[in-house]
Protein chains: 2
Amino acid sequence: MSSPSTPARGRPARLDRTRTVDTALDLLDEVGLDALTMRRLADAMDVQAGALYRYFATKGDLLTAMAERMLADLAATATAAATATAKTEGAGDWSEQLAALARAMRTALLARRDGARVYAGTHATGPHTLGFAEAVIGVLRTAGFGAEEAARTLMAVVHLTIGHTLEEQAALRPVGGEGAADPERLRLAADPERYPRLAAVLPTLTSEDFAAHFEFGLSLLLCGLGTLDRAPTCGDAAEIYSRGD
Amino acid sequence: MSSPSTPARGRPARLDRTRTVDTALDLLDEVGLDALTMRRLADAMDVQAGALYRYFATKGDLLTAMAERMLADLAATATAAATATAKTEGAGDWSEQLAALARAMRTALLARRDGARVYAGTHATGPHTLGFAEAVIGVLRTAGFGAEEAARTLMAVVHLTIGHTLEEQAALRPVGGEGAADPERLRLAADPERYPRLAAVLPTLTSEDFAAHFEFGLSLLLCGLGTLDRAPTCGDAAEIYSRGD
DNA sequence: ACCTGAACACCGTTCAAGT
DNA sequence: ACCTGAACACCGTTCAAGT
């Protein structure tokens, strides 16, 4: 256990994981993921590229640390949800608590340039990521859901959030300098002759109100979860519904 | 319009987009996305790397063509759904048709190594991608959903599917030769002292029955959608539910 | 018209050697 | 103990020149 984070007897180190991740995240905001190279980061820290490898085994290791750090601000939301459920004051409010956690994750990923891509490309298992998961599971189990349902709901929420933010950030970036942005290309490609239903729906599909899109998907998930207890399988629920007309 | 795909007066071309994408997808299965380089692909086609740029403006362009091709097999499912809804025989069966479309997309992405990463990293707007979207919208509009709901449901389904398959493929790959795979690292990191709820749920969370995980998320979405008509907003539905206890 | 050959401007990573 | 310098084995992309 004599890693570079140990007391240090000699010269004070110029580098350390925390400062390096900070700088890397700033650089990410400046230049984007594709231009975030070890050499450029080393430059920003007034060091040679090779020196970074004393603190991060690989570039992937650095990106994982960056991903983990991005969820730092989630701690507040997570503990808020945890204490709320602990008090059982708002046990019936699980839906809103879960939504708050999901929104906080979306916000955290959107807060940095290419944040979703960084997070999706790594698999952080640090305290922020685990704390978030713990909070989500806590809300669900307190609300009375089973272990399986809770775990799978966590997955669904995270996957939806990652998928959504990935597209949201892709839609905003001008796709490499020239050429049309994402929604514009879709507008051009969706020929009303061949894809009439799709074309008719383009205004919504290419709308930039991403928050509304996210809320819709989230509400479907939460609503489905609410129904789960009344109609054991959603197939049954769909049947009940279709029997109505 | 005298692209390389024109009749060709001189020597028959060794290269063309279709053959190149085929080879690239085979190579992808062999070596994975990280090792899929223009030079390696050129080698597989017995050509110099620079020659590829007569057919693809950038590597991103090639990857987009690969992503689009990956959805080729979806055409069958999509037209099946389309004709089913056209006959209005199974208009009440929209839930199952939508599920079939989502499953087909998951299957298509899983069919190739790193398929989800390739698809998520590009933004295909070819006939397979648009045909899929058209089919989804068709099912929803035929079932009576509004334009906004249909468009946003399409997004939610696609985002959940991409997010899920991204994690599914990440969980299977051995994370770069050595070190633990994804679920194993989670098991090691989820300390029962600090994350008791999470730890209690690890068996499900690290279960490799990904199909079941996907079905759960999908059913939440579809179930939520089914409830949408009865209780205009899901918030209301959640309220109704929590009033029950 | 299509491809080669060679170059340009980079990468991530390693590791002896210095301080 | 921490970092430099230099190298290794690559990248994506461009473009004159050949056929």
Side-chain angles (χ1 to χ4, degrees), chain A residues 1-21 23-24 27-28 31-66 114 118 121-122 175-179, chain B residues 1-21 23-24 27-28 31-66 114 118 121-122 175-179:
Chain A
M1 265 288 265
S2 80
S3 77
S5 46
T6 340
R9 188 62 49 189
R11 242 178 321 283
R14 251 180 299 164
L15 251 35
D16 67 89
R17 280 182 70 100
T18 304
R19 264 182 25 82
T20 307
V21 170
T23 311
L27 191 56
L28 179 68
V31 303
L33 180 57
D34 295 330
L36 180 74
T37 68
M38 296 302 264
R39 282 175 156 90
R40 234 191 269 253
L41 174 58
D43 249 35
M45 306 215 60
D46 271 309
V47 115
Q48 296 295 313
L52 295 170
Y53 289 84
R54 198 163 293 273
Y55 301 88
F56 302 92
T58 64
K59 187 183 181 180
D61 187 19
L62 167 68
L63 288 168
T64 301
M66 291 168 67
D114 295 327
V118 170
T122 61
V175 110
E178 50 89 39
Chain B
M1 263 290 265
S2 77
S3 78
S5 47
T6 339
R9 188 63 47 187
R11 242 178 321 283
R14 249 181 301 165
L15 250 36
D16 66 90
R17 281 181 70 100
T18 305
R19 263 181 29 80
T20 307
V21 170
T23 310
L27 191 58
L28 179 68
V31 302
L33 180 57
D34 294 331
L36 181 74
T37 68
M38 295 303 262
R39 282 175 156 89
R40 234 192 268 252
L41 175 57
D43 249 34
M45 307 214 59
D46 271 310
V47 116
Q48 296 294 314
L52 294 171
Y53 289 84
R54 198 162 293 273
Y55 300 87
F56 302 93
T58 65
K59 187 183 183 181
D61 187 18
L62 167 69
L63 288 168
T64 300
M66 291 168 66
D114 295 327
V118 170
T122 61
V175 111
E178 49 90 39

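Remember, predicted model here, so these are calculated numbers, not experimental data. As a basis for the values below, the full set of heavy atoms in this structure was taken, side chains included, without hydrogen atoms, waters or symmetry mates. To find a chain, count down the sequence lines: A is the first, B the second, and so on, and within it residues start at 1.
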Using a 4.5 Å cut-off on heavy atoms from C-beta on, say whether the side chain of Leu63(A) contacts that of Leu33(A).
-> yes
Could you check how far CG of Leu52(A) sits from C1' of dG5(D), rounded to whole Å?
-> 15 Å
Less than 3.5 Å apart, which donor and acceptor atoms pair up between the side chains of residues 40-51 of chain B and the rest of the protein, not counting sequence neighbours?
| unit_1 | atom_1 | unit_2 | atom_2 | d |
| --- | --- | --- | --- | --- |
| Arg40(B) | NE | Ala35(B) | O | 2.9 |

Residue set satisfying salt bridge (Lys or Arg N to Asp or Glu O under 4.0 Å) with Arg19(B), at least two apart, ordered chain then number -> Asp16(B)
For DNA chain D, what is the dot-bracket line, given that a base pair needs Watson-Crick (N1 to N3, plus N6-O4 or O6-N4) or G-U wobble (N1-O2 and O6-N3) geometry with both distances under 3.5 Å, and | means paired with another strand?
-> ||.|||||...|||||.||
Between dC2(C) atom C1' and Asp46(B) atom CG, what is the distance in whole Å?
-> 15 Å
Between dT14(C) (P) and Asp61(A) (CG): distance, integer Å = 12 Å
Tyr55(A) has an atom OH; how far is it from atom P of dT13(C), in whole Å?
-> 17 Å
Between atom CG of Leu28(B) and atom CG of Leu36(B), what is the distance when rounded to the nearest 0.5 Å?
-> 6.0 Å
Roughly, in whole Å, what's the span from CZ in Arg19(A) to P in dC2(D)?
-> 14 Å
Only counting residues at least two apart or in another chain, list the ones meeting salt bridge (Lys or Arg N to Asp or Glu O under 4.0 Å) with Arg17(A).
-> Asp61(A)
In B/S/- notation, 5' to 3', how is nucleotides 6-12 of chain C contacted by protein heavy atoms closer than 4.0 Å?
-> -B---BB
Rounded to the nearest 0.5 Å, how far does OG1 of Thr37(B) lie from NZ of Lys59(B)?
-> 6.5 Å
Considering all heavy atoms, the nearest Gly60(B)-Thr122(B) contact = O-CG2, 4.5 Å
Within-4.5 Å side-chain heavy-atom neighbours: Phe56(B) and Val21(B) | yes
Separation of dC15(D) P from Arg54(B) CZ (nearest whole Å) = 12 Å
To the nearest angstrom, the CG-C1' distance between Asp16(A) and dC3(D) comes to 15 Å
